[in-house]
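Heads up, the thing below is written out as structure tokens.
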Amino acid sequence: MKNTDIAGIFEQMANFLEIKGENPFKIRAYRRAAQVVEHLPREIAVMLASGEDLKALPGIGQAIAAKMEELVRTGHLAAWETLKNSLPEGLSDLLEIPGIGPKTAYRLATELGISSVDELEQAIQQGKVASLFRLGDRTAENLLHQIQSLRRKDQRIPLGQALPVVEEVLSRLRLLTGAKNLLAAGSLRRFRETVGDIDLMGTAENPEAVIRSFVALPLVREVLVQGPTKASVILADGLQADLRMVEHEAFGSLLQYFTGSRQHNIALRTRMQKKGLKLSEYGITDVDTDKLEKFTTEEAFYGRLGMQYIPPEIREDRGEIDLAAKNALPELVQRSDIRGDLHVHTNWSDGAAPLESMAQAAKAAGYSYLAITDHSGGLGVAGGLNEERLLKQQQAIRRLNKELEGIRLLSGIEVNILADGRLDLSDEILSRLDVVVASVHSALNQNEAKMTRRILKALENPHVDILAHPTGRLIGKREPVAVDLEAVFQGAAAHRKVLEINCMPDRLDLQDISIYRARELGLLLAISTDAHRPEHFDLIRFGIGMARRGWCQPSSILNSRPVEEVLAHLKGGDAVR
DNA sequence: GCCGTTTTCGGCCCGACTGTTTTCAGTCG
């Protein structure tokens, strides 16, 4: 039983209890537990096996800890099954529709006998829904609209797809209106790997004019709501975007509020409530005097709460609030810390540009070194390098290094890990390289035991330095390979290997919670773009976002170090060159 | 159901919008 399964069951528990009209705080407890479990950096099953006390987790007490143990041990949860059986079927599906909450779902199921979205659609068309007490034509029509748009859009979209769209919207609005402080909040600002909808906000002399320009953008397909200070639209690619304009004086608290996460904000408010402060998007109210204080910046907002500024990427209620109050937050890695890239391709394999172009682009990105790691021969499709061409490339790199100024090329390879864990280049040739990046590209459907053994064997090779895109996932397209990451991390620690944070927006691999775990184990990570063309160096921001979400400081990031230290690290450990 | 430099019992985040009524329940973020 995986954490995501356990989280799903707790979420359903919350829904069922809500339908039953149970104590709202009990419901919230289950919902919080679901959140906590879903974002845990380690599997509950592993924690239990090593005898850890689940009650130490935030929001997990006696009762829920026992339920998690039951789920892991038996694969079942009696309380959940009893609850599920006591309710009409199909309620969970109805709850997925925006506008339908527990009360409405229950009434639709009991009063109309509806047990699926299709049946609901029929009932609406037959006018049955509008005839229910306290529902009407408008409500029924809205629900129909929601069902249709639910079928059209595929939920959350990858960050890498959303970010360029958002940037285009924002730059156009700035040009058109001269609005100030325009930016995106929400999960996008927190650099979550997928984005549900987009929250934009800003301040302006004339907010209504900005709203008018917003809904008139060519990118906008449909306007859902339009008022004087707020509008919601559907963009051409199906993404929903909300724009809110506020007075400049309250921008800090508004930004804080809409950046979230929800869990972070709830934890923050609960904590401040005990100190007699009420937090909202408009500012901070002293409950005794009923006086509202406004804040133009988030720094001032957190400052008033007696806290350090908390970077958006770690606002997830995972201990950041306590640390901020103690002035003890980690200094997260940032763009300016990055000194080089340890995984890029050129037109020697499947890249688009020659060595020199990539070198110049890396220099322009502010780097002082760049590892050239084209594919090895085993990957026929990528035009990989055999030993002969690899040695030729190494000579070309040496020649180029004599000409280049301000950037040093390292000679490397992205070597393929074969199905049995061997590499498709000899140890002899690997020993001549500065950097060996190893990765899995074939036989991706092996079972967990086999895949784990395969990767561990590769990590035992003394020439391997970095494990690239460790799970092989492609967001929304390909599931991660079945692998025991905890075992891989232990193996990497034993052999002093480095794990990659791949910046390609459809990979983002390792993902945030795995980065968190790897860092916790003291492993070193490399933030690598896997660039296949010069423009790809810009993708570094995605990897930095993930690293920050994993609470990484520069000390955890290999390529924040100068080239001599990088080489010294790679040649140390159990490497033998 | 969780939690505790005020508490092991009595609290538990905050506000807006919508559609339906005629004062507010339900839902959402």
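Residue numbers start from 1 in every chain, and the chains themselves are labelled A, B, ... in the order their sequence lines are given, proteins ahead of strands.
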Check whether NZ of the Lys or CZ of the Arg R244(A) lies under 6.0 Å from the centre of the six-membered ring of F258(A) and within 45 degrees of that ring's axis. yes
pair_partner(dT8(B)), Watson-Crick or wobble, both distances < 3.5 Å, evaluates to none
Is the closest side-chain heavy-atom distance between R549(A) and I515(A) below 4.5 Å? no
Determine, for R190(A) against E320(A), whether the closest basic-nitrogen to carboxylate-oxygen distance falls under 4.0 angstrom. no
Categorize K67(A) for me: base, sugar-phosphate, or nothing, with a 4.0 angstrom heavy-atom threshold over every strand shown. sugar-phosphate
Distance, rounded to the nearest Å, where L279(A) contributes CG and dG15(B) contributes P: 10 Å
With C1' as the reference atom in both, quote the distance from dG1(B) to dT5(B) in angstrom, rounded to an integer. 24 Å
Just how far, in rounded Å, is P of dC28(B) from CG of D197(A)? 13 Å
Find every protein N or O atom lying less than 3.5 Å from an N or O atom of nucleotides 9-11 of chain B, and list the pairs.
none

With 3.5 Å as the limit, what N/O pairs link the protein to nucleotides 3-8 of chain B?
{"from": "dC3(B)", "atom 1": "OP1", "to": "G59(A)", "atom 2": "N", "distance (Å)": "2.8"}

Looking at T285(A) and K291(A), would you say the former's side chain and the latter's main chain have a donor-acceptor pair under 3.5 Å? no
side-chain hydrogen bond (donor to acceptor under 3.5 Å, both in side chains) with T529(A): which residues, sequence neighbours excluded? D341(A)
If the C1' atom of dC2(B) is compared with that of dT7(B), how far apart are they to the nearest Å? 13 Å
Along DNA chain B (nearest heavy atom to each residue), the more 5'-positioned of K278(A) and T139(A): K278(A)
Would you list the pairs meeting ring pair (Phe, Tyr, Trp, His ring centres under 6.0 Å) in which at least one residue belongs to residues 269-311 of chain A, sequence neighbours left out? F295(A)-F301(A)
List in chain and number order the residues that pass side-chain contact (heavy atoms from CB on, under 4.5 Å) with K26(A), two or more places apart in sequence or in another chain; answer none if no residue qualifies. L17(A), E22(A), N23(A), Y30(A)
Looking just at side-chain N and O atoms, do Q256(A) and N265(A) make a donor-acceptor pair shorter than 3.5 Å? yes
Would you tabulate the nitrogen or oxygen pairs shorter than 3.5 Å linking the protein to nucleotides 24-27 of chain B?
{"from": "dG26(B)", "atom 1": "O3'", "to": "T104(A)", "atom 2": "OG1", "distance (Å)": "3.3"}
{"from": "dT27(B)", "atom 1": "OP1", "to": "G101(A)", "atom 2": "N", "distance (Å)": "2.8"}
{"from": "dT27(B)", "atom 1": "OP1", "to": "G101(A)", "atom 2": "O", "distance (Å)": "3.2"}
{"from": "dT27(B)", "atom 1": "OP1", "to": "T104(A)", "atom 2": "N", "distance (Å)": "2.9"}
{"from": "dT27(B)", "atom 1": "OP1", "to": "T104(A)", "atom 2": "OG1", "distance (Å)": "2.4"}
{"from": "dT27(B)", "atom 1": "OP2", "to": "K103(A)", "atom 2": "N", "distance (Å)": "3.3"}
{"from": "dT27(B)", "atom 1": "O5'", "to": "G101(A)", "atom 2": "N", "distance (Å)": "3.4"}

What's the closest nucleotide to the side chain of R138(A) if the choices are dT20(B), dG15(B), dC12(B)? dT20(B)
Touch check for I266(A), heavy atoms < 4.0 angstrom, all strands: base, sugar-phosphate only, or nothing? base
side-chain hydrogen bond (donor to acceptor under 3.5 Å, both in side chains) against Q490(A), all qualifying residues, sequence neighbours excluded: E486(A)
Rounded distance in Å between the P positions of dT23(B) and dC28(B): 26 Å
What is the separation between atom CG on L132(A) and atom C1' on dT20(B), rounded to the nearest whole Å? 13 Å
Integer angstrom distance from the P of dC12(B) to that of dC17(B): 25 Å
Check for a donor-acceptor pair, side chain of R174(A) on one end and backbone N or O of L182(A) on the other, with a separation under 3.5 Å. yes
Taking only heavy atoms on the protein side, list every residue of residues 246-262 of chain A lying under 4.0 Å from any atom of DNA chain B, sorted numerically. Y257(A), R262(A)
Taking only the C1' atom of each, what is the distance from dT20(B) to dT27(B) in whole angstrom? 14 Å
Using atom C1' of each nucleotide, how far apart are dT6(B) and dG11(B) to the nearest Å? 13 Å
Using atom P of each nucleotide, how far apart are dA25(B) and dT21(B) to the nearest Å? 14 Å
Is there a side-chain hydrogen bond (donor to acceptor under 3.5 Å, both in side chains) between S50(A) and E52(A) once you walk through the steps? CA-CA 6 Å; S50(A) 62; E52(A) 283 176 56; 3.2 Å; yes
Listed partners of S115(A) passing side-chain hydrogen bond (donor to acceptor under 3.5 Å, both in side chains), at least two apart: E119(A)
Run K84(A) and E81(A) through salt bridge (Lys or Arg N to Asp or Glu O under 4.0 Å) and show every step you take. CA-CA 5 Å; K84(A) 187 176 156 76; E81(A) 277 153 29; over 6 Å; no
Are the charged groups of E111(A) and R134(A) less than 4.0 angstrom apart, N to O? no
Phosphate-side-chain proximity, N142(A) and dG19(B), N/O vs OP1/OP2 below 4.0 Å: yes
Whole Å only: how far is the CG atom of N265(A) from the C1' atom of dC12(B)? 16 Å
Under 4.5 Å between any side-chain heavy atoms of V46(A) and D484(A), yes or no? no
Taking atom C1' of dC2(B) as reference, at what distance in whole Å does atom CG of D53(A) sit? 14 Å
Does D322(A) have any salt bridge (charged side-chain N to carboxylate O under 4.0 Å, His left out) partners at least two apart in sequence or in another chain, and if so, which? R271(A)
Atom CZ of R28(A) and atom P of dC2(B) are separated, to the nearest Å, by 14 Å
Of A29(A) and Y282(A), the one whose closest DNA chain B nucleotide lies more 5': A29(A)
Taking side-chain hydrogen bond (donor to acceptor under 3.5 Å, both in side chains) as the test, write out the residues that go with E69(A), two or more places apart. none
When the distance from CG of L17(A) to C1' of dC2(B) is rounded to whole Å, what number comes out? 14 Å
Take the protein atom CD1 of I27(A) and the nucleotide atom C1' of dC2(B), then report the distance between them rounded to whole Å. 14 Å
Quick check on contacts: within residues 291-317 of chain A, what sits under 4.0 Å from DNA chain B by heavy-atom distance? none
Heavy-atom donor-acceptor pair, H264(A) side chain to G260(A) backbone, under 3.5 Å: no
